[in-house]
K.L.:
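Can you read through this structure? Questions will come right after.
Counting from 1, the numbers follow the sequence of the chain as shown. Order of listing sets the numbers, starting from 1, for every ligand and every atom in it.
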Amino acid sequence: MITLKNVYKSFDGNEVLKDISTSFEPGKTNLIIGRSGSGKTVLLKSILGLFEVDRGEIWYNDRDFTKISEKERKFLRKEIGMVFQGGALFDSINVEGNVRFPLDMFTEMSSAEKNKRVEFCLDHVNIEKQAFKLSPSEISGGMQKRVAIARAIALNPKYLFCDEPNSGLDPETATVIDKLIQALTKEFQMTTIINTHDMNSVIEIGESVLFISKGHKEWVGTKHEILDSGNQKLDDFIFANKLYAQMKGK
Ligand SMILES: Nc1ncnc2c1ncn2[C@@H]1O[C@H](COP(=O)(O)OP(=O)(O)OP(=O)(O)O)[C@@H](O)[C@H]1O
């Protein structure tokens, strides 16, 4: 569980996050949605500790990230997996090398143990053995995302962060990636937070959806509640997409 209490963040007097309090539960895909510039990335980076917040608390279970020492932060970071926008694989190393990378960096595992873990992770994201030796540029965009997910779960994280995980993918492949993240979240009981613009993701895997507008928390609910939220800003955001306007009869 990750819990935020009254989080504020500003840049040069420009308040980007305003009094955000919310929680993200384990075993669930927790989505953060909002217009471009609403503060989603700043929020994600603040939770990750990549930005220091001005005020407020960020709890990872019983640890307040804003209060713990740098040593404790380093330890906590090992419990976090990250899927970056665009995948961010290392192109100079092959598929299995990308997944082995965090194991080389952060564990004392033997070579055989690492091989086993790499195979386990790639198998979990349905990457076949023939692709293990290929370089990222030799595989499709959807496969690259799956390898990025395999790398993110390599250290068996308690917390998984995904920044626009299906950007640049066709809708069908995007759904495969969304469902894969959801399945892994359940299997490993991770607290997963996903930044997305994609209403299809909301409808597919929006078990908990946080809508932010101009840095404010506007609404939290499930995909089942979102079409009838009664929140005007959320309606304006959702129904800007004609398909959802039709679903609602607008
Ligand atoms: N490092 C920074 N320095 C100054 N201002 C920043 C910084 N990062 C973000 N901002 C500002 O914070 C606001 C929110 O940006 P953010 O990137 O969080 O939006 P977003 O909701 O993620 O948008 P998008 O969906 O387009 O990625 C913007 O006004 C942006 O200019």
K.L.:
Above 12 or not: heavy atoms from other molecules or residues under 6.0 Å from CZ of Phe90?
P.N.:
yes
K.L.:
Using distance only, find each side-chain donor-acceptor pair of residues 31-48 under 3.5 Å and give its atom names and separation, not counting sequence neighbours.
P.N.:
residue	atom	partner	partner atom	Å
Ser38	OG	Arg35	O	2.6
Lys40	NZ	Gly34	O	2.8
Lys40	NZ	Arg35	O	3.1
Ser46	OG	Val42	O	2.7

K.L.:
Which protein residues have a heavy atom closer than 4.0 Å to any atom of ligand 1, listed by chain and number?
P.N.:
Phe11, Val16, Arg35, Ser36, Gly37, Ser38, Gly39, Lys40, Thr41, Val42, Phe51, His197
K.L.:
I'd like to check the side-chain hydrogen bond (donor to acceptor under 3.5 Å, both in side chains) partners of Ser23; sequence neighbours left out, ordered by chain and number.
P.N.:
none
K.L.:
List in chain and number order the residues that pass side-chain hydrogen bond (donor to acceptor under 3.5 Å, both in side chains) with Lys67, two or more places apart in sequence or in another chain; answer none if no residue qualifies.
P.N.:
Asp64
K.L.:
For the side chain of Arg100 and the backbone of Asn115, is there at least one donor-acceptor N/O pair under 3.5 Å apart?
P.N.:
no
K.L.:
Aromatic rings Phe237 and Phe211: how do their planes relate, parallel, tilted or perpendicular, breaks at 30° and 60°?
P.N.:
tilted
